[in-house]
Amino acid sequence: MFHSPILSTISGVGIIIHSASGCAASFADIDRSFRFGLKRRGKPLKKAILVNTRLNEMDHVYGAEQKLYTTIVDTIKQHSPKALFVAASCGSGINGCDIQQVAWPATQKFNIPVIPMVCEVFVTKKWGSGLDFKKYGNFQKIFHPAGSVKNTPFFNVIDFSGSETVKKILNETGFNWNFIAQYEPIDNWSAMGNADLTFCVSTDHLSLFIAEHVALNHGVPYVKLPGFYGFTQSDQCLNAFGQRLSAEDTFANLIKKYHAEYNNTLTKLQRQLRQLEVLPILSNRNDWNKLIPLLSTLGVARPDIDALKLTLRRMSHFNLVKPANTLKPALIISRHHSYAAQNAMTHCPSIWLGDDCDIAGYPGTIRLGETILEKISNPYFFKRMARYPVHPYKKERTDDYPEKYEHGNKTVKPAGVF
């Protein structure tokens, strides 16, 4: 289910989550983000195709293959998607459902790719290398056969940042691009095998999985880029495009153009944000690679990154209170859903960078800096807020809570309790 928010925004794609209804509680937020993205792009509003099989106790005991197949058939008949992704869950794992075996007959009957997305998203070797494709045989049906006729040379660009900035910048170069991104049609995926080269602008597991699949099955090589976050990394990305396409001058002029447009604003922001203490709270390494270059470009101060990298990615809610009180940051920036409202708990201004927050490229950097300035413009509100403790944790759990303690011959980490 990890990539459902991304896949649900692809035009012509439907998502089935094979799980209990509680696991699909995020549908409302996914649909909200989807509709917000359509509105921002000036496209007609519609709902995302999100379906849940609603497994119950009997399904976990006796299996739910027939329920899944019926759901797939009903979804295809009602919504007519061009591709259907079936996300696994803990529930489908408990009852041992073979999603691939259920998906294959539906693919043959309706001639629509029904693709299982199992919980191997965290198995880096499989998703990072893209070599385990026996379980994803239906995935190949999205793409046109290798060697199909193409009229003009073009290049794939995989960008799941949710921003239109990269598309806008690259369209100024005169090259032909095939964008694999949110709100782009699934037909763009079909044409990937006929491209000359694939650029991975976003390097999350799903992007690398797609790029590796196209490379292995269609012979299209791919290039990993650092991502369009902050001025320095954006420059590196554009220079990499220029080097691989033998068009260094074209992309160098593009860099000069955007620097001339935004450098004065950036200098002003850096002067206003100098030495501002910002505490980033992130959910994974990919988010870290996005936010840290942005903060570096804006010139804000932050705590020791190496020390916090392990701490903040695994801490419980009550663990946040102690470092927030110790470090006393001027601002908390969160990319973790669970920490979206931590300003109430830590009495500190906070910004939640949701999936629909556009922080990519040169304008995204400026946009984040202006958001930070706006958030810290009224510190008195949070000072008044600090007079009224709102977190439910005991004092010993926040102030004097040990990182580790000795239990017999073992050193263990205490469990988080109220």
Side-chain angles (χ1 to χ4, degrees), residues 1-10 13-37 46-76 78-79 81 83-104 106 113-124 126-127 135-136 138-139 160 162 182 204-206 209 282-284 286-287 313-314 316-317 334-341 352 354-356 415-416:
M1 293 186 294
F2 186 76
H3 291 297
S4 298
I6 293 178
L7 294 172
S8 63
T9 62
I10 307 299
V13 166
I15 305 293
I16 294 177
I17 296 183
H18 190 38
S19 67
S21 57
C23 296
S26 60
F27 275 3
D29 186 58
I30 293 174
D31 188 63
R32 177 198 63 80
S33 297
F34 174 69
R35 291 166 67 85
F36 179 82
K46 59 181 179 179
K47 290 186 177 181
I49 304 175
L50 300 167
V51 183
N52 177 234
T53 53
R54 300 180 66 183
L55 299 180
N56 55 34
E57 291 86 350
M58 299 298 288
D59 296 326
H60 285 87
V61 175
Y62 295 105
E65 284 81 0
Q66 185 57 44
K67 175 179 278 191
L68 175 59
Y69 182 78
T70 302
T71 304
I72 291 173
V73 172
D74 291 344
T75 303
I76 292 174
Q78 292 179 26
H79 300 284
L84 195 59
F85 289 89
V86 182
S89 67
C90 300
S92 59
I94 291 172
N95 62 38
C97 178
D98 188 346
I99 298 178
Q100 175 66 46
Q101 188 174 359
V102 177
W104 181 246
V114 181
I115 305 154
M117 302 294 283
V118 298
C119 295
E120 291 170 350
V121 64
F122 297 110
V123 183
T124 306
K126 289 187 177 181
W127 282 78
K135 296 182 180 178
Y136 306 99
N138 292 354
F139 191 71
F160 291 130
Q182 287 98 321
D204 54 272
H205 294 310
L206 179 60
F209 177 80
L282 310 170
S283 56
N284 53 58
N286 191 44
D287 288 339
R313 288 179 63 199
R314 295 179 180 159
S316 301
H317 284 230
S334 172
R335 270 287 296 177
H336 196 294
H337 290 271
S338 299
Y339 295 111
W352 178 43
D355 294 329
D356 49 12

| remark: In this structure, CD1 of Ile6 is separated from CD1 of Ile15 (nearest 0.5 Å) by 10.5 Å
| Where is the tightest heavy-atom contact between Gly14 and Pro81, given as atom of each residue plus distance? | N-CB, 4.0 Å
| message | Could you tell me if the side chain of Ile16 sits less than 4.5 Å from the side chain of Leu68, heavy atoms only? | response | yes
| query | How many angstroms lie between atom CZ of Phe85 and atom CD1 of Ile49, to the nearest 0.5 angstrom? | reply | 12.0 Å
| query | Is any side-chain heavy atom of Val102 less than 4.5 Å from a side-chain heavy atom of Asp98? | reply | no
| query | Within the distance-only criterion (no hydrogens, no angle test), does the side chain of Asp31 pair as donor or acceptor with the backbone N or O of Lys47 below 3.5 angstrom? | reply | no
| message | A side-chain contact here means heavy atoms from C-beta on lying under 4.5 Å apart; do Leu7 and Leu206 qualify? | response | yes
| task | To the nearest 0.5 angstrom, please state how far the CD atom of Gln182 sits from the OG atom of Ser8. | result | 8.5 Å
| query | Taking only residues at least two apart or on different chains, which pairs with a member in residues 54-68 satisfy salt bridge (Lys or Arg N to Asp or Glu O under 4.0 Å)? | reply | Asp59-Lys67
| task | Taking all non-hydrogen atoms of both residues into account, name the closest pair between Gln100 and Pro116 and its distance. | result | OE1-CG, 3.5 Å
| Straight-line distance of Ile99 CD1 to Tyr69 OH, nearest 0.5 Å | 15.5 Å
| said: Can you tell me how far apart SG (Cys23) and CG (Leu55) are? Round to the nearest 0.5 Å. | reply: 8.5 Å
| 4.5 Å side-chain heavy-atom contact, Leu50 and Phe34 | no
